[in-house]
Amino acid sequence: MKPAKSAKPGNSGEPVDALTKSEEAPQAPADAAEAGKQPRSVRVVLMALMIAMMLAMLDNMIIGTAMPTIVGELGGLEHLSWVVTAYTLATAASTPIWGKLGDMYGRKGIFMTSIVLFLIGSALSGMAQDMGQLIGFRAIQGLGAGGLMVGVMAIIGDLIPPRERGKYQGMMAGVMALAMIGGPLIGGTITDNWGWRWSFYINLPLGVIALIAVSAVLHLPKKRVDARIDYLGAALLTVGITSIVLVTTWGGTEYAWGSARIMELIAIGVAALIGFLFVQTKAAAPVMPLHIFRSRNFTLMSVVGFVTGFVMFGAVLFLPLYQQSVQGASATNSGLLLLPMLGSMLVTSMVSGRVTTNTGRYRVFPIVGSALMVVGLYLLSLMDTDTSRLTSGLYMAVVGAGMGCLMQITMLVSQNSVEMKDMGVASSSSTLFRTLGSSFGVAIMGALFNHRVQDVMSERAGALGSKVTEQSAQLDAASLAKLPVAAREAYQHAVASGTHSAFMLGAVVAVVALVAAVFVKEVPLRGAGASAPGGSGEDKAVEAAV
């Protein structure tokens, strides 16, 4: 069989036609009976991919609930933040490398390697005997997690034509909603009944199921690439991403924004990224080939993805804080407080996916989604100490509807804007921009929130207010209950003022996404109208890969 040609952006080629020149297209099924089993096979693969995605998203949500118990047993309170930071750093830094390795050496083997690494890190974390070991093992776990999300998105990009992919957006949005709502509840239940170590061990059976299913059912073509790995580019990108994440993590908390340490990290990060860009123009197989950014849609979707990450994780951080501190909600069910936002996100994601599949048109969704985010964040900024839970829930639903229009569409358009040989780096780049957006969102919105809370506390409660928030502007329920009535009321006003500033900033940043979305071109989705007689584009994709 002759080597297949690469599909070009905008063409209607299926994944079977989207192999690099060094690959051979897989043989068609031997008979019709085997072909009839294919849709079931792809559903098995998709279920395994959703489990892997849930592992990556659920982990930090579960561990956050278990952290007080972990510190109580292992000690090392001063290093507590590194348990999360080590995982986040390793995930962000390894994301683009996993994507490139999948493009070079085949998606299946690289994805299974990332699952195994994640499971090893989970098992070791559960066996940690001190905080230093836990931090190191969490870094190993984070390295594996970096390949989970990228692998899921890239394999779906190989399996399902863009025109058909909208059907599965609801499934992916549902996994995200389940992780955000169920994570704290699951973490609390596991810690209370089985102990904190099972917060890590719970990953093992789920990961093994995903590993077995992927190994048995998924059959992607093997790739043979003679070019050497771009080690220098990978190292420079890792240093650059690490510096950025550390600046956003430490700035305003561990170190003042203008401190020498933060300035050093900024300088190192900028120098590393400039060096990385230069190396990418010379490397035979660049980690992040710059030609993908020549596509206007890909670049614009990267901007939209960054802003979506910025807004989403800021909202997830401050909405429960506002509802617990100002509206008196229980911290135990903190995940349920986000239900209006996540529920509307799930519904609009399913609707936008179905419409995209049925019509092949998608440009309207980034525009509408960005506009809803701007409006929703502005409404959230209007919340004060008298805002009811019903009103805040409606505001959250508006933001969630906007996110639902954007979360999967950004990945869909990004993947449709590149050749199939760059599917991995397109998926990893899109994921990376969203991750960096979340880091910046949490850091900048958090700094603004903390500054505003401390100012209002000083204004309303004087020296007592300054003393209350000198350690942290975010008080837990126990600390809040111990405050005098006047100080507690002052803190509620301060939190309302802080969330106003944070969400107003989010609304301004969301305008950037709206402007970017307006300039997106309606490029036909690959796979539109390309179904074989008696079969859909999905059937042909399955024939190629399962």
Side-chain angles (χ1 to χ4, degrees), residues 9 15 18 42 45-58 91-92 94-104 106-115 118 144-176 179 210 214 218 220 287-288 292 295 297-298 301-302 304-306 308-309 312 349 352-353 356 362 403-404 406-438 525-527 538 541 545:
V42 83
V45 172
L46 286 171
M47 188 59 66
L49 295 178
M50 292 305 104
I51 292 174
M53 179 187 286
M54 186 168 65
L55 287 174
M57 299 193 65
L58 199 60
T91 301
S94 63
T95 292
I97 298 172
W98 284 113
K100 184 61 181 179
L101 290 174
D103 284 341
M104 294 179 69
R107 210 84 65 204
K108 179 179 176 179
I110 296 299
F111 181 58
M112 292 177 65
T113 301
S114 70
I115 295 176
F118 181 84
L148 293 182
M149 188 68 74
V150 174
V152 168
M153 294 301 179
I155 290 173
I156 289 176
D158 280 347
L159 267 180
I160 310 297
R163 177 66 182 265
E164 304 289 332
R165 213 171 295 156
K167 294 187 221 176
Y168 305 97
Q169 285 183 201
M171 186 187 298
M172 290 182 275
V175 169
M176 183 176 296
V214 169
L218 181 63
L220 293 173
V287 174
M288 188 183 294
I292 61 177
S295 166
N297 277 6
F298 182 85
M301 285 298 102
S302 297
V304 173
F306 180 92
T308 303
M312 181 177 180
S349 181
S352 62
T356 300
Y362 55 82
M403 291 179 181
L406 293 173
M407 290 302 296
Q408 305 305 328
I409 289 290
T410 52
M411 180 65 73
L412 173 67
V413 177
S414 296
Q415 291 179 337
N416 191 62
S417 301
V418 301
E419 297 184 39
M420 292 294 289
K421 65 183 179 66
D422 292 322
M423 186 65 69
V425 293
S427 302
S428 63
S429 297
S430 185
T431 303
L432 176 63
F433 281 114
R434 188 177 297 175
T435 301
L436 293 179
S438 67
L525 295 174
R526 286 194 295 269
E538 180 182 349

Pairwise distance OH(Y362) to CG(N416) - rounded to 0.5 angstrom: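 Interatomic distance, Y362 OH to N416 CG, rounded to 0.5 Å: 5.5 Å.
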
From M301 atom CE to L406 atom CG, the distance as rounded to the nearest 0.5 Å: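 Answer for the CE-CG pair, M301 versus L406, is 7.5 Å.
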
Over all atoms of both residues, closest heavy-atom pair of D103 and R107: OD1-NH1, 2.6 Å

Least distance between heavy atoms, L55 atom then F118 atom: O-CZ, 3.8 Å

Step-by-step side chain to side chain contact (heavy atoms under 4.5 Å, CB included) determination, V304 to F433: CA-CA 9 Å; V304 173; F433 281 114; over 6 Å; no

For [X], what residues pass the side chain to side chain contact (heavy atoms under 4.5 Å, CB included) criterion, not counting sequence neighbours?
X    : answer
L436 : I241, I244, V245, F306, L432
S295 : N297, F298, S417
T431 : T95, M149, V150, M411, T435

Side chains of [X] and [Y] in contact at under 4.5 Å (non-hydrogen atoms):
X    : Y    : answer
V425 : V287 : no
I156 : M50  : yes
W98  : L148 : no

Residues in side chain to side chain donor-acceptor pair (under 3.5 Å) contact with S427, at least two apart in sequence or another chain: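 Listed in chain order: Q415.
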
Exceeds 12 heavy-atom contacts within 6.0 angstrom, atom CE of M112: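 Yes - once you tally the heavy atoms of other residues, nucleotides and ligands closer than 6.0 Å, there are more than 12.
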
